[in-house]
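I have placed the structure first, in the form of structure tokens, so that the comments after it can refer back to it.
Lettering of chains follows the sequences in order, A, B, ..., and the numbering in each one begins at 1.
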Amino acid sequence: MIALIDCNNFYVSCERVFQPVLIGRPLIVLSNNDGCAISRSNEAKDLGIKMGNAHFMIKDLIQQHNVQIRSSNYALYGDMSQRVMQVIKSFVPKTEVYSIDEIFCDLSELEAYNDLTALGIQIREAVKKYTGIPVTVGIAPTKVLAKMSNKYAKKLTAEIGVHCADTQDLIDCLLRFTPVGDIWGIGSEIEKLLLAKGFKTAADLVNAPEEWVRKTLTVKGQRLLNELKGISSMLFTDERPAKRNIATMRSFGTLLSAKKDIQHALAAHMATCAAKLRKEGTCARKLQVSIETNNYRTQDKQLSHSIVIDLPVATNSTPELIRYAMKALDMIFKEGHNFKKTGVVALDLVPQPNVQMGLFDTVKRSREKKLMKAVDNINVSFRKDTVRYSVQGYSDKWKLQQQHLSNPYTTRFDQLREVS
DNA sequence: TCTGGGGTCCTAGGACCC
DNA sequence: TCTGGGGTCCTAGGACCC
């Protein structure tokens, strides 16, 4: 049996832990740049605010119902996530962290617990007690069914917060309850296709001819069908696989058209991305640089360009990568556009010790490695960008809008809460 | 007039996830 | 005025090989 445990309205719940006055009130957390709603309290959901609704389009609703707003505070959410996961891991040895607010648990070795619902309740109470975050537990024989069971618990057994589908009858009930579009792995495109063919719920899909599923939904559909039938077809991986790509991209706080401004932003993103590479212990063999205009602005000339360049020697050195990023930007930049976003993706990653040196390479790599280490140490000990490259500039033009940011309560000493 | 049949590797783009 | 930022996996099709 597998459990999927996820945090309820995670970002909203994190804000509420440190500002209890927000409990019981409609609250939303906005995406970067305060663009759109990405986490909603139940009260906000009841007002009709949808995932991804643009902030400026729901301003009336917000004012009318005094909806509370927070900018996203990833330092806080990341740290709270680790605490939640740590509590759960103390109950279950074999787990797989799936996202910032979700974790799969392999319960097959926990035979001591013949009552898995009771275990779920116990975990839920512990997480709440030690972190203040409410979670929901869905239990079933496969990952896809566990996801389904979790959704079921949210809708039908919210007070308990746990649902365990451990008999065929209960699984059949889950399947009948779940619309095809709510199945994990079925997005809007495939949902359309399935509805057109008359499949309304997971129970309809589970009886679909295998041949047809294989042909129209390819191997992913085939695996999904197996999982629905209770046959595990998705790997359970204890350890996090090495990342294949590392990306850093951001919208600007305002539209920019001068190349210089975009160079500043791109250099800053490249520096952030390079630091992520070093933290991961990998080097990039390829670099993708992209620029985009705002495609919601129909009055603007649109441009969305990206280019991938090969690096002669795989690297994670900030100055070297910035040089290549600037060169790539030269190749794709065009005057006369209002740009909204730029970013980089480090591709084709290799573990640092496996980097193949170049025969004609002139970069002093061991010296640069030491320098990067010193820079990282300073920027971790003090604050991001304490040491940085001048090409990042000093302008704030491209910086994010974050008008409703809460404090990083758990990651900065000067922000620790006092308890009296 | 008329031009094969295997392979591999890589990339772009789509679909999905949170 | 104003619409996020990461990721993964899969397939089709092109380029290339003999």
What nucleotide among [options] has an atom nearest to a side-chain atom of [X]?
{"X": "A/Trp184", "options": "B/dC17, C/dG4, C/dT3", "result": "B/dC17"}
{"X": "A/Ala247", "options": "C/dG6, C/dT3, B/dC16", "result": "C/dG6"}
{"X": "A/Asn245", "options": "C/dG7, C/dG4, C/dT8", "result": "C/dT8"}
{"X": "A/Arg214", "options": "B/dC18, C/dT3, C/dT11", "result": "C/dT11"}
{"X": "A/Phe56", "options": "B/dC18, C/dT3, B/dC16", "result": "C/dT3"}
{"X": "A/Asp101", "options": "B/dC18, C/dC2, C/dT3", "result": "B/dC18"}
{"X": "A/Tyr98", "options": "B/dC18, C/dG5, C/dT11", "result": "B/dC18"}
{"X": "A/Lys341", "options": "B/dC18, B/dC16, C/dG5", "result": "C/dG5"}

Checking N1-N3 plus N6-O4 or O6-N4 for Watson-Crick, or N1-O2 and O6-N3 for wobble, each under 3.5 Å, the partner of C/dC16 is B/dG7
Parallel, tilted or perpendicular for A/His163 and A/Tyr152, by the 30°/60° rule?
-> tilted
Measure up the A/Phe18 and A/Tyr409 rings against each other and bin them: parallel (under 30°), tilted (30 to 60°), perpendicular (over 60°).
->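 Judged by the thresholds at 30° and 60°, the geometry between A/Phe18 and A/Tyr409 is parallel.
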Under 4.0 Å: is that the gap between some side-chain N or O of [X] and OP1 or OP2 of [N]?
{"X": "A/Asn53", "N": "C/dT3", "result": "no"}
{"X": "A/Lys243", "N": "C/dG7", "result": "yes"}
{"X": "A/Lys340", "N": "C/dC2", "result": "no"}
{"X": "A/Lys147", "N": "B/dC18", "result": "yes"}
{"X": "A/Lys220", "N": "C/dT8", "result": "no"}
{"X": "A/Arg223", "N": "C/dC9", "result": "no"}
{"X": "A/Ser99", "N": "B/dC17", "result": "no"}

Would you kindly compare A/Arg297 and A/Ala242 by the position of their nearest DNA chain C nucleotide and give the one closer to the 5′ end?
-> A/Arg297
Of A/Leu255 and A/Lys276, the one whose nearest nucleotide on DNA chain C sits closer to the 5' end is A/Leu255
Atom pair distance, as rounded to whole Å: [atom1] in [X] and [atom2] in [N]:
{"X": "A/Ile190", "N": "C/dC9", "atom1": "CD1", "atom2": "P", "value": "16 Å"}
{"X": "A/Leu400", "N": "C/dT3", "atom1": "CG", "atom2": "P", "value": "12 Å"}
{"X": "A/Asn33", "N": "C/dT1", "atom1": "CG", "atom2": "P", "value": "17 Å"}
{"X": "A/Leu347", "N": "B/dG13", "atom1": "CG", "atom2": "C1'", "value": "14 Å"}
{"X": "A/Leu349", "N": "C/dG7", "atom1": "CG", "atom2": "P", "value": "10 Å"}
{"X": "A/Phe10", "N": "B/dC17", "atom1": "CZ", "atom2": "C1'", "value": "17 Å"}
{"X": "A/Met51", "N": "B/dC18", "atom1": "CE", "atom2": "P", "value": "9 Å"}
{"X": "A/Ile100", "N": "C/dT8", "atom1": "CD1", "atom2": "C1'", "value": "17 Å"}

salt_bridge([X], [Y]) N-O dist < 4.0 Å:
{"X": "A/Glu125", "Y": "A/Lys128", "value": "no"}
{"X": "A/Glu227", "Y": "A/Lys147", "value": "no"}
{"X": "A/Lys259", "Y": "A/Asp330", "value": "yes"}
{"X": "A/Asp172", "Y": "A/Arg176", "value": "no"}

Run the numbers on A/Asn9 and A/Asn42 for side chain to side chain donor-acceptor pair (under 3.5 Å), then give the verdict.
-> CA-CA 8 Å; A/Asn9 313 334; A/Asn42 290 344; 3.2 Å; yes
Expressed in whole Å, how much space separates the C1' atoms belonging to C/dC16 and B/dG4?
-> 16 Å
